[in-house]
Amino acid sequence: MIPIAGTAVLTAAQMRAAEEKAIAAGTGVDTLMQRAGAGVADAVRRLAGVNEVLVLCGPGNNGGDGYVAAARLHAAGPSVRVAASAEPRTPAAIAARALWTGAVEPLATAAPAPVVVDALFGTGLSRALDTDVSTALNRFVSHANLAIAVDLPSGIATDDGALLGDLPAFHVTLALGAAKPAHLLQPSAVHCGAVRLLPIGVTTDSDVRVLSRPDLPAPAIDAHKFTRGMVAVIRGRMAGAAQLAAQAAMHAGAGYVEILGATIPGAPHALVRRRCDDSALADPRIGAVLIGPGLGRDDAARALLDQALATDRPLVIDGDALHLVTPERLHGRPAETILTPHAGEFAALFAASDTDKLTAARAAATRANATIVFKGPDTVIAAADGRAVLSPAASSWLSTAGSGDVLAGAIAAMLAGGGTPLDAAAAGVWLHGEAARRLGPAFIADDLAEALTGARA
Ligand SMILES: NC(=O)C1=CN([C@@H]2O[C@H](COP(=O)(O)OP(=O)(O)OC[C@H]3O[C@@H](n4cnc5c(N)ncnc54)[C@H](OP(=O)(O)O)[C@@H]3O)[C@@H](O)[C@H]2O)[C@@H](O)CC1
Ligand SMILES: [K+]
């Protein structure tokens, strides 16, 4: 049972392909199911202690995992009961069912237990849950002190995170072999609770991974302020937003941060002020230009955006600027571009899409030839080459004014510090979430910017 941070994220089809590769290489599906069931039993035993466990088994291989786990739990000591929604249908699940020598109770009438293990449906869910199944599932979970889902909570669509039924929320989800998009995307992620990975010896390759703590070493012994990263923040109509982003860049570790345009009283002495003109933007020492926080959407804002797009420096585009730019204008840029839209800005920039957030972000990144940070409770970071990083939900207290400005500043600092735009964006998202976690409830964006220093520690 290991954390999912940094691990590969596989769709249902990719997981099946990985399983088939393992089978072709000589590891049978029964062996994989034994590994999965043993891992589940071990995790449940550790989490459940001496409490009675009720294992719910479905007709497919997810149910097969449940029977294996129940048999192993029984052998290890805890009191275990099994309830099933249907007879097992796959050969592996039928073989696993034979391992369980106790009674199999009907789902509708089984009594609840303090610990419930949901092995009804996993990656093979193909349609909405029947009402009697979802009613029973809700009844068991509401009576349990601990609800554990095997692979996925039953009723969740593996690839897009949609809810195919009225689902309860689980405390723990044990992802088998690899994390799936539904463990990270909303609305499903919130139903998974804490997600832990149970490796089952299947090789899992993917262009998509889970966000993890970035490697952010202290500056080299011979570092100076410009080698640590220089960030230029373009000030627009609302100076406070640009200043907040600039302060975030400083606290995230940039060595030199300048604001292009006037500062406002109270700006840190370390924040350098410069006129915003072409020569300032052509400074070869600049590692990242940031435009958007508090920019406005008037003609003056458009003129500033034109200047920013013309620079050959790496560029972060946030906030108002996302309403003024088009994906096509970014294509010919001579340097990297990172866009940081929330859902509204994403829709304005790329038009509404009915695909899931991961697919939409990847398509947008390719279309704009840029790295996209599609923000929200399930932030998706996508690069133009198809790679993507999924962020587990960060603090909901990040829903505060200026939070996005701080994130943009943190990402600009990471971009200026070197590394690929995907890694820089991921590092910024991680720092932002970690700063929020450290602050606890009801912080303001100014606190968040300062807390980036501690988050780096
Ligand atoms: N990948 C790996 O490496 C390994 C995977 N393993 C495990 O296998 C799981 C995937 O197994 P799986 O493919 O058998 O699918 P699963 O989720 O058990 O359900 C399919 C069954 O449910 C049925 N059904 C579907 N929706 C329904 C609904 N709404 N209401 C009612 N019925 C519904 C569906 O019927 P059908 O759609 O065919 O009519 C079919 O009979 C995976 O999550 C993991 O736990 C490990 O054992 C080993 C290694
Ligand atoms: K399940």
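Numbers for residues simply follow the sequence, beginning at 1. Numbering of ligands and ligand atoms starts at 1, following listing order.
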For L176, the ligand 1 atoms whose distance to one of its heavy atoms is below 4.0 Å: 44 (C), 45 (O)
Contact flag F121/the K ion (ligand 2), N/O/S atoms, threshold under 3.4 Å: yes
Pairs where residues 321-342 contributes a residue and the test salt bridge (Lys or Arg N to Asp or Glu O under 4.0 Å) is met, not counting sequence neighbours: D306-R329, E328-R367
Contact check: A149 to the K ion (ligand 2), N/O/S below 3.4 Å: no
Under 4.0 Å to a heavy atom of D151 - the qualifying atoms of ligand 1, by number: 42 (C), 43 (O), 44 (C), 45 (O)
Value rounded to 0.5 Å, distance of CG in L439 from OG1 in T400: 11.0 Å
Contact bool for atom 17 (O) of ligand 1 (protein heavy atom, d < 4.0 Å): yes
Shortest non-hydrogen contact from V202 toward A22: CG2-CB, 4.2 Å
Short N or O distance, E19 and ligand 1, threshold 3.5 Å exclusive: yes
Atom 11 (O) of ligand 1: nearest protein contact (heavy atom, Å): N61 CB, 3.3 Å
Which N, O or S atom of D118 lies nearest to the K ion (ligand 2), by name: O
Approximate separation, where rounding is to 0.5 Å, of L295 CG and D318 CG: 10.0 Å
Heavy-atom nearest option to atom 37 (O) of ligand 1, drawn from A86, S126, G201: S126
Nearest heavy-atom neighbours spanning C192 and A182: SG-O, 4.0 Å
Intermediate values then yes/no, side chain to side chain donor-acceptor pair (under 3.5 Å), D166 and S134: CA-CA 6 Å; D166 172 24; S134 68; 5.3 Å; no
Beyond-backbone contact of L431 with M414, side-chain heavy atoms, under 4.5 angstrom: yes
Check: L176 main-chain N/O paired with D151 side-chain donor or acceptor under 3.5 Å: yes
N/O/S from D151 sitting under 3.4 Å away from the K ion (ligand 2): no
Geometry at the K ion (ligand 2) - L152 O versus S154 OG angle, rounded to 10 degrees: 100°
For ligand 1, the portion of A128 having any non-hydrogen atom under 4.0 Å away: backbone
Atom NE2 of H191 with >12 non-hydrogen neighbours under 6.0 angstrom: yes
Pairwise distance CZ(R16) to CG(L10) - rounded to 0.5 angstrom: 11.5 Å
Atom 34 (C) of ligand 1 [closest protein heavy-atom partner, distance rounded to 0.1 Å]: R89 NH1, 4.2 Å
Ring geometry between F346 and F374 (parallel below 30°, tilted from 30 to 60°, perpendicular above 60°): parallel
Identity and separation of the nearest protein heavy atom to atom 10 (C) of ligand 1: T123 OG1, 3.2 Å
Protein residue, atom and distance nearest to atom 30 (N) of ligand 1, heavy-atom basis: F121 CZ, 3.7 Å
Atom indices of ligand 1 within 4.0 angstrom of G122 heavy atoms, with elements: 16 (P), 17 (O), 43 (O)
Q14 side, atom CD; T123 side, atom OG1 - distance, nearest 0.5 Å: 12.0 Å
Heavy atom of the protein closest to atom 46 (C) of ligand 1 (residue, atom name, distance): D65 OD1, 3.3 Å
Nearest protein heavy atom with distance in Å, relative to atom 9 (C) of ligand 1: N62 N, 3.6 Å
Numbered atoms of ligand 1 (with element) below 4.0 Å of L125, judged on heavy atoms: 17 (O), 25 (C), 26 (N), 29 (N)
Contact check, P59 vs ligand 1, heavy-atom distance below 4.0 Å: yes
Atom 15 (O) of ligand 1: nearest protein contact (heavy atom, Å): G124 CA, 3.1 Å
Atom pair CG (L422) and CG (L415), whose distance is rounded to the nearest 0.5 Å: 11.5 Å
Shortest non-hydrogen contact between Y67 and A93, atoms and distance: CD1-O, 4.3 Å
N/O/S from G122 sitting under 3.4 Å away from the K ion (ligand 2): no
Distance filter under 4.0 Å to I200 heavy atoms, resulting ligand 1 atoms: 3 (O), 49 (C)
E105 CD to C57 SG distance, which is reported to the nearest 0.5 Å: 11.5 Å
Closest protein heavy atom (residue, atom, distance) for atom 36 (P) of ligand 1: R127 NH1, 3.8 Å
Proximal ligand 1 atoms for M15, defined as those under 4.0 Å from one of its heavy atoms: 1 (N), 3 (O)
